[in-house]
A.B. asks: 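Can you keep this structure in mind? I'll have questions shortly.
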2 protein chains.
Amino acid sequence: MQDVATLAGVTKQTVSNVVTGRVAVRPDTATRVRAAIAELGYKPNLVARSLATGTTMTVGLIVPTVASPFYSEIVEEVENVLDEHGYHLVLGTTRADGDRAKRQLAGLSSRLVDALLIAGDRDLADPLALLPDPRFPIALCAWETQIPDSLPVVTIDYEHAGFLAGEHLRGLGHQRVAAVVELPTHERRLSGLRSAFARHRLRIGDDMVFAPTEATPAGGFAAAQAALAADPSLTAIFASHDLLALGVLEAVKESGRSVPGDVSVIGFDDTAPVGLTHPALTAVAIPSREMAQQATNLLLRALAEGTLPVNSAQLLRTSLVIRDSTGPARH
Amino acid sequence: MQDVATLAGVTKQTVSNVVTGRVAVRPDTATRVRAAIAELGYKPNLVARSLATGTTMTVGLIVPTVASPFYSEIVEEVENVLDEHGYHLVLGTTRADGDRAKRQLAGLSSRLVDALLIAGDRDLADPLALLPDPRFPIALCAWETQIPDSLPVVTIDYEHAGFLAGEHLRGLGHQRVAAVVELPTHERRLSGLRSAFARHRLRIGDDMVFAPTEATPAGGFAAAQAALAADPSLTAIFASHDLLALGVLEAVKESGRSVPGDVSVIGFDDTAPVGLTHPALTAVAIPSREMAQQATNLLLRALAEGTLPVNSAQLLRTSLVIRDSTGPARH
DNA sequence: ATGAAAGCGCTAACAG
DNA sequence: CTGTTAGCGCTTTCAT
């Protein structure tokens with residue numbers, strides 16, 4: 001920067017003014033400075049700027065994994081919004097590892113980022129406790145378990161979402177249903193499902209709840225096979241997220257049953273891939289992109305105003321997307 | 001930091017020594033310092049450290065998108081390796097937008113990150129030209145078009161990979177085949193396919209090449225429908241990546257044809273989701289995770305040694321994963 | 001509109 | 001093993 005200044009015959013300060021554009025500079029001076037910058041190939045050192053301004057123009061995002069359509073959509077959307085506002089994204093994945101989550105949290109909050117967005121509570125329930133600085137801007141997104149009421153959150157009512165799925169199946173006359181549910185993560189989706197049935201004095205016993213060993217289509221496939229073996233006369237299967245639902249669909253078809261003729265299948269999330277299965281999957285749609293946008297904007301707004309994000313719980317609406325994988329119960 | 005020092009009765013420097021652990025400190029002094037740190041809740045300012053050391057412990061990764069299984073696997077793997085080495089990841093997506101790519105490149109190379117990894121050349125062919133500083137560590141990964149020979153790259157021989165697919169189909173006796181190919185991105189995969197057929201004096205004319213309007217299953221679905229309409233007697237369809245292949249599979253089945261009885265389908269990439277289609281998809285496997293690992297390690301090694309990454313082109317091997325979607329040509 | 005001085009919070013290099 | 005002195009590259013006052 002000093003080199004640029006001497007070449008242009010000004011001081012560092014004037015160079016700074018030209019670069020940042022925060023202070024008016026006489027046009028001809030500015031031109032001279034710009035020429036010097038081009039000639040020397042000068043690029044401002046962002047780290048030094050950060051130290052001086054106390055702001056990094058960077059937001060951290062912590063997700064359980066990025067290799068699932070649900071979270072990759074969130075990552076993509078967050079990055080989009082950040083980019084629009086000139087912010088960079090530091091991404092941390094926790095990979096079902098509490099220690100790793102803790103490290104990520106600690107690292108990022110050490111002023112490496114200006115704010116932190118945490119999507120999905122899978123591995124963070126505890127680490128969140130050790131929030132270092134209460135003045136550090138944090139927002140939660142897609143939070144499913146107990147929401148710490150000290151932090152702003154943008155999420156949905158997961159229990160209600162499960163309820164929607166249950167009402168739909170009930171309305172179609174299903175009585176013998178199995179649930180393929182990732183536990184304890186998707187506890188609430190299950191209890192929503194159950195309460196929809198409970199309204200009609202129907203129970204979904206624990207023996208009809210199957211937890212997959214992994215959160216993949218293969219996991220859903222195996223769990224669905226177990227469900228069909230446990231009750232060959234069941235007429236519907238609820239899957240607690242899309243990836244599982246894909247596997248469930250395959251397992252049902254492989255067993256020689258038709259969907260939805262013999263067995264209805266309902267999914268959860270409604271990410272892009274599921275629209276193209278055969279039959280197309282009925283699912284409770286979670287507005288993941290909207291959640292990501294809202295949460296990111298929440299943080300960005302706080303940063304712009306130099307305040308903490310408003311501490312509120314914002315619940316987005318879910319809706320049922322009825323496609324072809326659910327139909328009336330067979331008798 | 002000064003507060004910690006006075007509370008512990010030492011200087012800032014000693015606090016620094018305790019925190020970084022780079023210099024030996026007498027145990028009792030260290031204990032006193034640690035107590036002071038705990039009492040004051042001190043956390044080192046990473047930005048200040050970066051300015052002083054000239055290193056940010058951060059690596060940038062630029063990808064076209066993260067909402068595709070291929071790239072999300074790469075992101076995940078890169079983050080994994082970085083985390084193991086105590087590095088953070090700054091993620092930039094270009095989203096088929098050359099300007100955005102240019103901005104990302106410029107932003108990240110301004111010393112915000114210590115090194116840069118660029119995966120996929122979709123939107124970067126040109127922007128790469130304006131690499132500011134030749135001494136900035138950069139590596140390329142999964143690079144498909146002309147490789148700039150000034151930069152190290154870890155990729156595969158995409159033409160050979162296409163060739164493998166072609167040989168497989170040829171070996172099964174297929175003669176009338178269509179190709180659903182994202183162009184110009186996957187040009188080489190197509191030309192590999194063609195040269196495998198050319199060896200047997202067979203041509204795949206341009207009229208049998210179908211470019212999907214979008215890189216999704218839906219895009220593949222439409223393109224495959226067009227292909228089947230153009231030549232109802234075709235016996236095989238090549239899809240230039242998995243997402244397209246999923247759509248192709250559905251289109252073929254929907255047309256009333258069986259896979260692979262009537263039409264064989266072969267994919268490309270072999271990402272996780274495709275193992276569970278029905279029938280399971282035969283595909284040319286691209287070792288995306290290995291590429292990501294190698295490229296990341298390349299950069300990390302260079303950073304550790306304070307040198308530039310060795311400028312070489314490392315080609316990983318591809319292999320054909322034969323599953324159930326390909327079979328002998330029908331006559 | 002531009003210049004001069006001070007300092008962001010930390011680590012490097014050396015001295016003791 | 002600990003203290004002292006500089007300085008990383010930039011932005012912020014405040015003068016001029």
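Here is how names work: the chains are called A, B, and so on, in the same order as the sequence lines, proteins then strands, and each is numbered from 1.
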A.B. asks: At less than 4.0 Å, is any side-chain N or O atom of A/Thr14 found next to OP1 or OP2 of C/dG3? Yes or no.
C.D. replies: yes

A.B. asks: Once side chain to side chain contact (heavy atoms under 4.5 Å, CB included) is applied, do any residues pair with B/Asp114, and if so which ones, sequence neighbours excluded?
C.D. replies: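 Scan of B/Asp114 (side chain to side chain contact (heavy atoms under 4.5 Å, CB included), adjacent residues dropped) gives B/Thr55, B/Thr56, B/Tyr87, B/Leu303.
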
A.B. asks: Going by distance alone, is a donor N or O of one side chain under 3.5 Å from an acceptor N or O of the other, for B/Asn17 and B/Gln13?
C.D. replies: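 The criterion, which ignores hydrogens and geometry beyond distance, is satisfied for B/Gln13 and B/Asn17.
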
A.B. asks: Run the side chain to side chain donor-acceptor pair (under 3.5 Å) test on B/Glu76 and A/Thr65 for me, step by step, so that the C-alpha distance in whole Å, both residues' side-chain angles and the decisive distance to 0.1 Å come before the verdict.
C.D. replies: CA-CA 7 Å; B/Glu76 179 144 303; A/Thr65 171; 2.8 Å; yes

A.B. asks: Could you measure the distance from the CD atom of B/Glu73 to the CD1 atom of B/Ile286? Nearest 0.5 Å is fine.
C.D. replies: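 So the gap between those two atoms works out to 11.0 Å.
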
A.B. asks: Any side-chain heavy atom of B/Val19 within less than 4.5 Å of one from B/Val15?
C.D. replies: yes

A.B. asks: At what distance, to the nearest 0.5 angstrom, does CG of A/Leu151 lie from OG of A/Ser312?
C.D. replies: 11.5 Å

A.B. asks: Can you work out whether B/Ala24 or B/Leu51 has the more 5'-proximal nearest nucleotide on DNA chain D?
C.D. replies: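 It is B/Ala24, whose closest nucleotide lies nearer the 5' terminus.
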
A.B. asks: Got a salt bridge between A/Asp83 and B/Arg103, using NZ or NE/NH1/NH2 to carboxylate O under 4.0 Å?
C.D. replies: yes

A.B. asks: Does a donor on one side chain and an acceptor on the other come within less than 3.5 Å for A/Glu79 and B/Gln104?
C.D. replies: yes

A.B. asks: How many angstroms lie between CZ in A/Phe70 and OG1 in A/Thr271, if you round to the nearest 0.5 Å?
C.D. replies: 9.0 Å

A.B. asks: Within the supplied structure, the quantity of interest is the number of heavy atoms (other residues, nucleotides, ligands) at a distance under 6.0 Å from A/Asp28 CG; does it exceed 12?
C.D. replies: yes

A.B. asks: Which residues in residues 25-37 of chain A have a heavy atom closer than 4.0 Å to any atom of DNA chain C?
C.D. replies: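 Nucleic-acid contacts, sorted: A/Val25, A/Arg26, A/Thr29.
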
A.B. asks: Using a cutoff of under 3.5 Å, can you pull out all pairs of nitrogen or oxygen atoms linking the protein to nucleotides 10-14 of chain C, with atom names and distances?
C.D. replies:
from, atom 1, to, atom 2, distance (Å)
C/dC10, OP1, B/Tyr42, OH, 2.6
C/dC10, OP1, B/Asn45, N, 3.0
C/dC10, N4, B/Lys12, NZ, 2.8
C/dT11, OP1, B/Arg49, NE, 2.8
C/dT11, OP1, B/Arg49, NH2, 3.3
C/dT11, OP2, B/Ser16, OG, 2.6
C/dA12, N6, B/Gln13, OE1, 2.3

A.B. asks: With a 4.0 Å cut-off on heavy atoms, is B/Val47 in touch with a base, just the backbone sugar-phosphate, or nothing at all?
C.D. replies: nothing

A.B. asks: Which residues pass the side chain to side chain donor-acceptor pair (under 3.5 Å) test with A/Arg26, not counting sequence neighbours?
C.D. replies: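 Checked A/Arg26 against side chain to side chain donor-acceptor pair (under 3.5 Å); zero matches.
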
A.B. asks: In Å and rounded to the nearest 0.5 Å, what is the CZ to CD1 distance from B/Arg188 to B/Ile156?
C.D. replies: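 Between B/Arg188 CZ and B/Ile156 CD1, I get 11.0 Å after rounding to 0.5 Å.
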
A.B. asks: Taking it one step at a time, do A/Arg95 and B/Asn80 satisfy side chain to side chain donor-acceptor pair (under 3.5 Å)?
C.D. replies: CA-CA 9 Å; A/Arg95 317 292 306 284; B/Asn80 257 352; 2.8 Å; yes

A.B. asks: Earliest and latest nucleotide of DNA chain D, 5' to 3', sitting under 4.0 Å from a non-hydrogen atom of chain A?
C.D. replies: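 From 5' to 3', the first and last contacting nucleotides are D/dG9 to D/dT12.
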
A.B. asks: According to the Watson-Crick and G-U wobble definition with distances under 3.5 Å, which dot-bracket string, read 5' to 3', encodes DNA chain C, using [ ] for crossing pairs and | for pairs with another strand?
C.D. replies: |||||||||||.||||

